[in-house]
Amino acid sequence: MPFLFLAMLSLPYRSVSSLTTDIYWNSSSPLFLRRGPGPPYSPTIRVGQGGGREWDQLHLHCPTDGEQLVIYRVSRAEYLSCRVAAPRPEVVMVCQGGGGAALRTITLRPYSPTPGGLEFPPGSRNYFISTSSPASLHNRQGGLCSSHNLR
């Protein structure tokens, strides 16, 4: 049974069969609600039963209400500070707010068949944030990560 969400993905691969987890990435999702004071709350997903399986998939869904955002894969330090510090950040998905049902399917595998594709080595932890703001889609600090806990 997959855990609820995605601050980090723990991926110790155990099986060849795959499961799919849907994530609706938007500021109104109850998935991102803060759970009190202290460090940021973020849902954690351990993809697949028993802690993860190679070939499991995540379906990341863009907001359908016109909200615009960029989803980045970042380091733990960037995740904690809501700041994209890398000069060439790893963009997972861009949601332009067209109102359609934009979707990105991510297959969890140690090597991508596509140059520049996402790779998830066994046992890795992966952090995703959105730092977009109403003023700037490509904002790199704060934004929705700080105001709506999109991490």
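On a predicted model such as this, the values are computed, not experimentally measured, just so you know.
Annotation for N26 and S29: closest pair OD1-N, 2.9 Å, computed over non-hydrogen atoms. Residue T131 comes nearest to C145 through the heavy atom pair CG2-CB, 4.1 Å, listed as atom of the first residue, atom of the second, then distance. Taking each heavy atom of E119 and P110 in turn, the nearest pair found is CB-O, 3.5 Å. Nearest heavy atom pair, residue R104 against residue V91, reads NH1-O, 4.5 Å. When every heavy atom of V84 is checked against every heavy atom of Y72, the shortest pair comes out as CG2-CD1, 3.6 Å. Here the closest non-hydrogen pair linking I129 and E78 is CD1-O, 4.1 Å.
Checking side-chain atoms of R83 against main-chain N and O of R140 turns up no donor-acceptor pair under 3.5 Å. S124 places a side-chain N or O within 3.5 Å of a backbone atom of P121 that can act as its donor or acceptor partner. Proximity of a side-chain donor or acceptor of S133 to a complementary backbone N or O of S136 within less than 3.5 Å is detected. Side chain of S130 to main chain of V70: a donor-acceptor pair is present (N/O by atom type, distance under 3.5 Å, no hydrogens or angles). Formation of a donor-acceptor pair under 3.5 Å by the S132 side chain with backbone atoms of L137 is found in this model.
Side-chain contact, T107 with Q57: a donor N or O sits under 3.5 Å from an acceptor N or O.
Here H59 contributes atom NE2 and T21 contributes atom OG1; the two are 8.5 Å apart, rounded to the nearest 0.5 Å. Note that CZ of R76 and OG of S81 are 11.0 Å apart. Values are rounded to the nearest 0.5 Å. Interatomic distance, CD1 of I106 versus CD1 of I71, reported as 7.5 Å (0.5 Å rounding). Here S27 contributes atom OG and L144 contributes atom CG; the two are 5.5 Å apart, rounded to the nearest 0.5 Å. Going from atom CG of L103 over to atom CD1 of I23 covers 11.5 Å, rounded to the nearest 0.5 Å. Within the model, atoms SG of C62 and CG of L69 stand 6.5 Å from one another, a figure rounded to the nearest 0.5 Å.
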Decide yes or no on side-chain contact (heavy atoms from CB on, under 4.5 Å) for R151 and C82, but give the supporting numbers first.
-> CA-CA 8 Å; R151 55 173 133 193; C82 279; 3.4 Å; yes

Step-by-step side-chain contact (heavy atoms from CB on, under 4.5 Å) determination, F128 to W25 = CA-CA 10 Å; F128 297 84; W25 194 282; 3.7 Å; yes

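Aromatic ring orientation, H61 versus Y24: parallel (interplanar angle below 30°, classes split at 30° and 60°).
Under the 4.5 Å side-chain criterion, counting only non-hydrogen atoms from C-beta, L58 is not in contact with T105.
By the side-chain hydrogen bond (donor to acceptor under 3.5 Å, both in side chains) test, R73 is found to be paired with E90, N126, residues two or more places apart in sequence or in another chain being considered.
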